[in-house]
Amino acid sequence: MPLKVLADDWSDYDNRKRGYSNITYIDCTVEWEAEYLAQKVFKAYPEYKLESIRKAITSCCSGLPVPYKRLSFVTSLMIILKGNSESFLLAYLVCDSLL
């Protein structure tokens with residue numbers, strides 16, 4: 001499910017983040033990181049409105065202390081966007097324990 005998002009080229013993100021933070025984590029409280037993720041999801045899944053993606057990211061960002069593991073966060077975000085769970089915290093904890 002998140003494969004389309006994660007398989008895309010993240011080198012711009014990694015290069016910008018390298019040197020001050022772990023590139024395998026996402027800090028959705030940092031505006032450019034949240035927007036980068038929103039654009040990645042929209043590119044992979046244009047059937048979702050960009051504003052809906054941004055709202056989902058903001059909503060998901062309030063569950064646990066940041067930063068989040070990129071793989072677990074994107075997987076959990078896609079679970080929420082696809083309507084397979086209402087609880088980001090539950091989705092993240094399950095994904096984090098499985099991935």
Can you name the side chain to side chain donor-acceptor pair (under 3.5 Å) partners of [X], sequence neighbours left out?
X	value
E35	Q39, R54
D9	S11
K43	D8

Which atom pair, heavy atoms only, marks the closest approach of [X] to [Y]?
X	Y	result
L50	F42	CD1-CB, 3.7 Å
Y36	D12	OH-CB, 4.0 Å
V5	W10	O-NE1, 3.0 Å

Report the distance from atom CZ of F73 to atom OG1 of T24, rounding to the nearest 0.5 Å.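 So the CZ of F73 and the OG1 of T24 are separated by 14.0 Å.
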Look up atom CD1 in I79 and atom SG in C60, then write down how far apart they are to the nearest 0.5 Å.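 That separation rounds to 10.0 Å.
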Please step through salt bridge (Lys or Arg N to Asp or Glu O under 4.0 Å) for the pair R70 and D14, ending with a clear verdict. CA-CA 11 Å; R70 183 190 302 178; D14 295 345; 2.5 Å; yes
ILVMFWY cluster, I23 and Y25 together (side-chain gap under 4.5 Å):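 I23 does not cluster with Y25.
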E31, CD: over 12 other non-hydrogen atoms inside 6.0 angstrom: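 Not more than 12 within 6.0 Å, no.
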Verdict with supporting geometry, V41 and I57, side chain to side chain contact (heavy atoms under 4.5 Å, CB included): CA-CA 10 Å; V41 172; I57 291 170; 5.6 Å; no
Does S59 reach the main-chain N or O of K55 with its side chain, forming a donor-acceptor pair under 3.5 Å?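 Side chain of S59 to backbone of K55: no pair is present.
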Answer whether the closest heavy-atom distance between the side chains of Y45 and I53 falls below 4.5 Å. no
Kindly indicate whether the side chain of Y13, heavy atoms from C-beta on, has any atom under 4.5 Å from the side chain of I26. yes
So, C28 with C61, SGs under 2.5 angstrom?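 Answer is yes: C61 pairs with C28 in a disulfide.
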